[in-house]
Colleague: 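Have a look at the structure that comes next, please.
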Amino acid sequence: MGHDSDRAALIYQHATRDAHQRIADALSARVKADRKKAEKKRKREDDDGSAGALVPAS
C-alpha cells in the first residue's frame with residue numbers, strides 16, 4: 001500500500017474494514033426495510049375482502 005510503517009498500514013486496514021462493515025450494515029438494513037415494505041404491500045394487494053368466501057359452483 002506504500003505506507004512507511006507496518007503500524008500505519010494496520011491503522012488504514014482497520015479503518016477500511018470498519019468502513020466496509022458500516023456499508024454492509026447499512027445495505028442490510030435497507031434490504032430488510034424494502035422487504036418489509038414489499039411484504040406489507042403484497043398483503044394489502046392480496047386482501048380483497050373475499051378470501052375464504054364460499055362461492056356456489058356452477
Side-chain angles (χ1 to χ4, degrees):
M1 293 177 78
H3 299 297
D4 290 334
S5 71
D6 291 338
R7 186 177 188 295
L10 289 173
I11 290 170
Y12 286 113
Q13 181 181 10
H14 183 74
T16 300
R17 190 175 340 172
D18 288 348
H20 288 173
Q21 187 61 53
R22 286 193 303 271
I23 291 167
D25 291 345
L27 286 172
S28 181
R30 177 67 185 263
V31 168
K32 286 179 184 179
D34 286 351
R35 285 181 177 172
K36 188 174 183 179
K37 184 179 176 181
E39 180 66 20
K40 284 182 179 181
K41 182 179 178 183
R42 186 186 62 76
K43 284 183 179 180
R44 280 194 312 270
E45 290 172 353
D46 288 348
D47 188 13
D48 61 2
S50 62
L54 299 176
V55 206
S58 314

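These numbers were taken from a predicted model, which means no experiment stands behind them. Computation of the quantities below employed the complete heavy-atom set of this structure, encompassing side-chain atoms and omitting hydrogens, waters and symmetry-equivalent molecules.
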Colleague: What donor-acceptor contacts under 3.5 angstrom involve side-chain atoms of residues 25-35, with partners at least two apart or in another chain?
Modeller:
from, atom 1, to, atom 2, distance (Å)
Asp25, OD1, Gln21, NE2, 2.8
Arg30, NE, Asp34, OD2, 3.3

Colleague: According to side chain to side chain contact (heavy atoms under 4.5 Å, CB included), who are the partners of Lys41, at least two apart in sequence or on a separate chain?
Modeller: Arg44, Glu45
Colleague: What residues form a side chain to side chain contact (heavy atoms under 4.5 Å, CB included) with Arg7, not counting sequence neighbours?
Modeller: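 Per chain and number, Arg7 pairs via side chain to side chain contact (heavy atoms under 4.5 Å, CB included) with Ser5, Ile11.
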Colleague: Mind checking side chain to side chain contact (heavy atoms under 4.5 Å, CB included) for Lys36 and listing every partner two or more places apart, or none if nothing turns up?
Modeller: Lys40
Colleague: Can you sort out the partners of Asp18 under side chain to side chain contact (heavy atoms under 4.5 Å, CB included), two or more places apart, ordered by chain and number?
Modeller: His14, Arg22
